[in-house]
Amino acid sequence: MKLKTMTMEWTGDELILIDQRKIPLQEEYMHCKTYEEVAYAIKEMIVRGAPAIGASAAFGYVLGARQMFDKDFDKFIENMKKVREVLANTRPTAVNLFWALDRMEKALIGFGKPQGLLEFLEEEALNIAKEDIEVNKAIGRYGAELLKDGDTVLTHCNAGALATVDYGTALGVIRAAVEQGKKIKVFADETRPYLQGARLTAWELMKDGIDVTLISDNMSGWSMKLGKINAVIVGADRVAANGDVANKIGTYMVAVLAKRHGIPFYVAAPTSTIDLNTKTGKDIPIEERKHTEVTHCGGKQIAPDNVKVFNPAFDVTDAELVTAIITEKGVVYPPYEKNLKKLFEE
Ligand SMILES: CSC[C@H]1O[C@H](OP(=O)(O)O)[C@H](O)[C@@H]1O
């Protein structure tokens, strides 16, 4: 067995993904044997979460290399541009997708010859996946130092094991603090419209026996005002060079409320989510998804036919609202422009 976690399994022949659309009511799996099937799984959010998307795309690239292999290396390189394009066109916001595809393409071109190349690409995809787990544990260790015994942490969306290869980023911090013996409680907001908080975060934390309370999105402000929240920790899909953070829609609202109530707002993100080529949040492409995600809930229509809908899947939190960014290399504080750059100079 090559790699198996709650989120994904790489058997050597196929990528098996838990269908995150079905959690918490069913645990069903999608078996991807082609790069097109992996692309479908990413686009339809069978797998979601920036690092999980990146790792899945890496294995999709391996499957595509097997499908498109050609002994003529130049022709093979050309073929792989199509594989990359199909995988890259799935979702635009999470930079990990492009980071992983860049890394796989670099491995392909660097290897330079067809003999042994498929095995080499498989090893690189496995490296990406296994490194993600270690990165998340490092984020957890650094982030846990920011939490006190008895803290209650509000988290938005799902930045847990299901959003990564394993362990999670924001939930990795909570797991690490609990593993250190700290009594941590979590408030998970539901995260309309896709409900990653209600469906995924609550499910993950209950499976781990971590104290979690589910609230609707419009309860986060009142929970803070009542003094129930000591810290906010969220994940990220892309951190711009100036520290602006793209994350699930609703994150910005939580960040503004945290600022209003003097509550620290932490972003847990691997360096693979930090994109120095994106100067500010204004440059981050924000995915808009289908209207039925808003007009329907649990498969039931909750809005009038033909109502107009705006459904951005992400928003951007200004760097000034972010207390610190927790990475696998340590906790980064403002000024982000300077301090994020340093992460890549060491
Ligand atoms: C650890 S990254 C998790 C990040 O990804 C989620 O987006 P989606 O569920 O649409 O893939 C959300 O923004 C999470 O914070």
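When a ligand or atom number is given, it counts from 1 through the structure's own listing order.
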- A student checking ligand 1 against Q196 at a 4.0 Å heavy-atom cut-off should list atoms 8 (P), 9 (O), 10 (O)

- Message: Counting only heavy atoms closer than 4.0 Å, does ligand 1 sit against the backbone of H156, its side chain, both, or neither?
- Response: neither

- Message: Check contact between G49 and ligand 1, using heavy atoms of the residue and a distance below 4.0 angstrom.
- Response: yes

- Item | Non-hydrogen side-chain atoms of F59 and L126 separated by less than 4.5 Å | yes

- Task: Sort and list the pairs that fulfil salt bridge (Lys or Arg N to Asp or Glu O under 4.0 Å) and have at least one residue in residues 302-317, not counting sequence neighbours.
- Result: none

- Query: Does F314 approach ligand 1 within less than 4.0 angstrom via side chain, backbone, both or neither, non-hydrogen atoms only?
  - Reply: side chain

- Note: K290-E44 ion pair, threshold 4.0 Å (strictly below): yes

- Query: Got a sec, which residues hit ring-ring contact (aromatic ring centres under 6.0 Å, His included) with F120, two or more places apart in sequence or on another chain?
  - Reply: F111

- Hey, is A236 touching ligand 1 through its side chain, its backbone, both or neither, going by heavy atoms under 4.0 Å? backbone

- Task: Provide, to 0.1 Å, the distance between atom 5 (O) of ligand 1 and the closest protein heavy atom, together with that atom's residue and name.
- Result: D237 OD2, 3.1 Å

- Message: Under 4.0 Å between a side-chain nitrogen and a carboxylate oxygen: does that hold for R84 and D102?
- Response: yes

- Task: Report the part of N158 (side chain from C-beta onward, or backbone N, CA, C, O) that has a heavy atom under 4.0 Å from ligand 1; answer both or neither where that applies.
- Result: backbone

- Could you list the atoms of ligand 1 found under 4.0 angstrom from a heavy atom of R91? 8 (P), 10 (O), 11 (O)

- Can you tell me which residue and heavy atom of the protein come closest to atom 15 (O) of ligand 1, and the distance to 0.1 Å? N247 OD1, 2.5 Å

- d(T273 OG1, N96 CG) to nearest 0.5 Å is 3.5 Å

- Item | Atoms in ligand 1 with a heavy atom of M45 nearer than 4.0 Å | 9 (O), 10 (O)

- Identify the protein heavy atom lying closest to atom 12 (C) of ligand 1, giving its residue, its atom name and the separation to 0.1 Å. C157 SG, 3.3 Å

- Query: What residue and atom, counting heavy atoms only, is the protein's closest point to atom 1 (C) of ligand 1, and at what distance?
  - Reply: T169 OG1, 3.3 Å

- Note on the structure: Exactly one candidate in T5, T7, D132 meets side chain to side chain contact (heavy atoms under 4.5 Å, CB included) with D166; the answer is T5

- Task: Establish, from distance only, whether the side-chain atoms of S216 and N218 form a donor-acceptor pair under 3.5 Å.
- Result: yes

- Item | Protein contact to atom 6 (C) of ligand 1 [nearest heavy atom, distance to 0.1 Å] | R48 NH2, 3.7 Å

- Item | Option among Q196, R199, R48, M8 that satisfies the side chain to side chain contact (heavy atoms under 4.5 Å, CB included) test with L162 | R48

- Task: Just jot down the ligand 1 atoms closer than 4.0 angstrom to any heavy atom of P51, in number order.
- Result: 1 (C), 2 (S)

- Query: Ion pair present between R103 and E131, side-chain N to carboxylate O less than 4.0 angstrom?
  - Reply: yes

- Message: Quick check on contacts: which atoms of ligand 1 are under 4.0 angstrom from a heavy atom of A163?
- Response: 1 (C), 3 (C)

